[in-house]
Amino acid sequence: MIPEPAPNIRQLLAFYLEAGVDCALAEEPVDRLTEPDIPAAPTPVREAAPPRPVREMPAVPRSEIAPAPEAAIAIAREAARTAPTLEALRALLENFEGCALRTTATRLVFADGNPQARIMFVGEAPGRDEDIEGLPFVGRSGKLLDRMIAAIGLDRSKAYIANVIPWRPPGNRTPTPQETQICLPFIQRQIELVNPDVLVTLGNPSTQTLLSTREGIMKTRGKWFNYDTGTRTIRAMATFHPAYLLRSPSYKRMSWQDLRSIAKALETSPPQ
């Protein structure tokens, strides 16, 4: 096959004219298949947002600011020591700002029963029912406690009932060691003012707090301790908390044995 002769300049120009090419744009050839160099668009200048107005925090009332635990404990000791009567002690607790539990509780749960009674029962802290009524041991565990003391011939008119912590912890949680230590001087003064012949600690927390022992309730229950008020030594015994007996009724027999020992001590020891 004979190749066709290459076109001359005149033939090329005629071809361009027929194709619509009517002018030359540059002397150098341009490769139009490559991406053109597009200058980067300038970054738009963002206007600075106007400064937000400073939000002033509401002032916290002085009554809601609790002191540090160490300072609160010292304040509690001094305040409790100066209370001459149970009524004065209750008034001090009503106005005491050193424990944050008072801001979450509905009301103070101070005590119930007879302040002149020869026997005093002390639990750990109020629950929901106690927080509503303002009296200790009025829920299910309180009803069981009533039956327990009735079994040895007593009722609330012949007993005095209180708690180490006079305010309900949120959600019935366990009180913190700091909360317990802050409230401890008040229950100690309360025991001193009631001056019972027999002190009964209900459950492990109140037993360890008041009787200064690290042993569990299984080892301490049914044993006699000496509780020193500073002016007098009181016979003390630990037994199960009624709430624990509701969960573990098989231990009611042991609790009954403790109550019998307590009743015997009340019969044999003369009133002070």
Side-chain angles (χ1 to χ4, degrees), residues 85-87 89-90 108-127 129-130 133-166 186-211 217-218 220-229 232-272:
T85 63
L86 289 171
E87 292 76 13
L89 185 65
R90 181 181 187 125
L108 174 74
V109 180
F110 185 69
D112 192 21
N114 184 359
Q116 305 299 321
R118 296 182 59 203
I119 185 169
M120 179 174 179
F121 295 87
V122 181
E124 180 186 19
D129 295 323
E130 290 76 13
E133 296 193 30
L135 295 172
F137 289 91
V138 293
R140 291 182 62 217
S141 61
K143 291 181 175 60
L144 178 55
L145 178 61
D146 289 342
R147 294 197 297 269
M148 290 167 62
I149 63 177
I152 57 173
L154 300 175
D155 55 29
R156 295 203 178 209
S157 68
K158 299 176 182 177
Y160 189 80
I161 306 170
N163 283 303
V164 173
I165 309 290
F186 294 106
I187 186 62
Q188 289 175 329
R189 182 58 175 160
Q190 199 169 358
I191 295 170
E192 184 179 1
L193 291 170
V194 175
N195 195 26
D197 293 329
V198 175
L199 173 67
V200 182
T201 56
L202 300 170
N204 202 48
S206 61
T207 299
Q208 291 186 341
T209 300
L210 294 175
L211 303 185
I217 192 66
M218 290 296 180
T220 55
R221 58 144 293 272
K223 297 179 181 179
W224 286 105
F225 292 79
N226 289 326
Y227 179 85
D228 188 5
T229 65
R232 179 190 172 202
T233 298
I234 299 173
R235 300 189 70 187
M237 178 178 285
T239 191
F240 297 111
H241 194 286
Y244 180 76
L245 296 176
L246 289 173
R247 297 190 300 267
S248 306
S250 60
Y251 291 105
K252 288 182 179 180
R253 180 181 178 185
M254 293 183 182
S255 183
W256 168 241
Q257 293 172 351
D258 300 340
L259 291 170
R260 289 179 62 186
S261 297
I262 292 167
K264 185 176 181 180
L266 290 173
E267 291 173 0
T268 56
S269 62
Q272 294 291 325

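Numbers here are sequence positions counted from 1.
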Qualifying side chain to side chain donor-acceptor pair (under 3.5 Å) pairs with a residue from residues 133-143, counting only residues at least two apart or across chains
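For residues 133-143: none.
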Report the C-alpha distance between L245 and M148 in whole Å, list the side-chain angles of each, state the deciding distance to 0.1 Å, and finish with yes or no for side-chain contact (heavy atoms from CB on, under 4.5 Å).
CA-CA 11 Å; L245 296 176; M148 290 167 62; 3.9 Å; yes
So, does [X] use its side chain to make a donor-acceptor pair with the main chain of [Y] at under 3.5 Å?
X: E124; Y: I165; result: no
X: R221; Y: L202; result: no
X: R235; Y: N226; result: no
X: R156; Y: N114; result: no

Determine whether [X] and [Y] make a side-chain contact, defined as any pair of heavy atoms from C-beta on separated by less than 4.5 Å.
X: L144; Y: L246; result: yes
X: I149; Y: F121; result: yes
X: D129; Y: L135; result: no
X: F186; Y: L89; result: yes
X: N195; Y: R232; result: yes

Quick test of your reading of the model: are K264 and E267 salt-bridged, counting only N-O distances below 4.0 Å?
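Salt bridge absent between K264 and E267.
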Checking side-chain contact (heavy atoms from CB on, under 4.5 Å) against I262, which of I119, L154, L199 comes through?
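For I262, the side-chain contact (heavy atoms from CB on, under 4.5 Å) test succeeds with only one of I119, L154, L199, which is I119.
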Identify, with sequence neighbours excluded, every residue that meets side-chain contact (heavy atoms from CB on, under 4.5 Å) alongside D155.
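D155 satisfies side-chain contact (heavy atoms from CB on, under 4.5 Å) with S157, K158 once adjacent residues are dropped.
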Establish, from distance only, whether the side-chain atoms of T207 and T201 form a donor-acceptor pair under 3.5 Å.
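Yes.
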Looking only at side-chain N and O atoms, does Q116 offer a donor or acceptor that is under 3.5 Å from a partner on Y160?
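Side-chain D/A pair, Y160 to Q116: absent.
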Against E192, only a single residue in Q188, R189, Q190 fulfils side chain to side chain donor-acceptor pair (under 3.5 Å); can you say which?
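The residue from Q188, R189, Q190 that satisfies side chain to side chain donor-acceptor pair (under 3.5 Å) with E192 turns out to be R189.
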[X] versus [Y], closest heavy-atom pair with distance:
X: A162; Y: F137; result: O-CE1, 4.1 Å
X: P115; Y: L86; result: CB-CD1, 3.6 Å
X: T239; Y: S255; result: OG1-OG, 3.6 Å
X: V194; Y: A117; result: CG1-O, 4.4 Å
X: P136; Y: I161; result: CG-O, 3.5 Å
X: L266; Y: V198; result: CD2-CG2, 3.6 Å

Can you confirm whether more than 12 heavy atoms, excluding those of Y251, are under 6.0 Å from its OH atom?
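Counting other residues, nucleotides and ligands, OH of Y251 stays at 12 neighbours or fewer.
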Kindly determine whether T233 and F225 satisfy side-chain contact (heavy atoms from CB on, under 4.5 Å), including the steps that lead there.
CA-CA 10 Å; T233 298; F225 292 79; over 6 Å; no
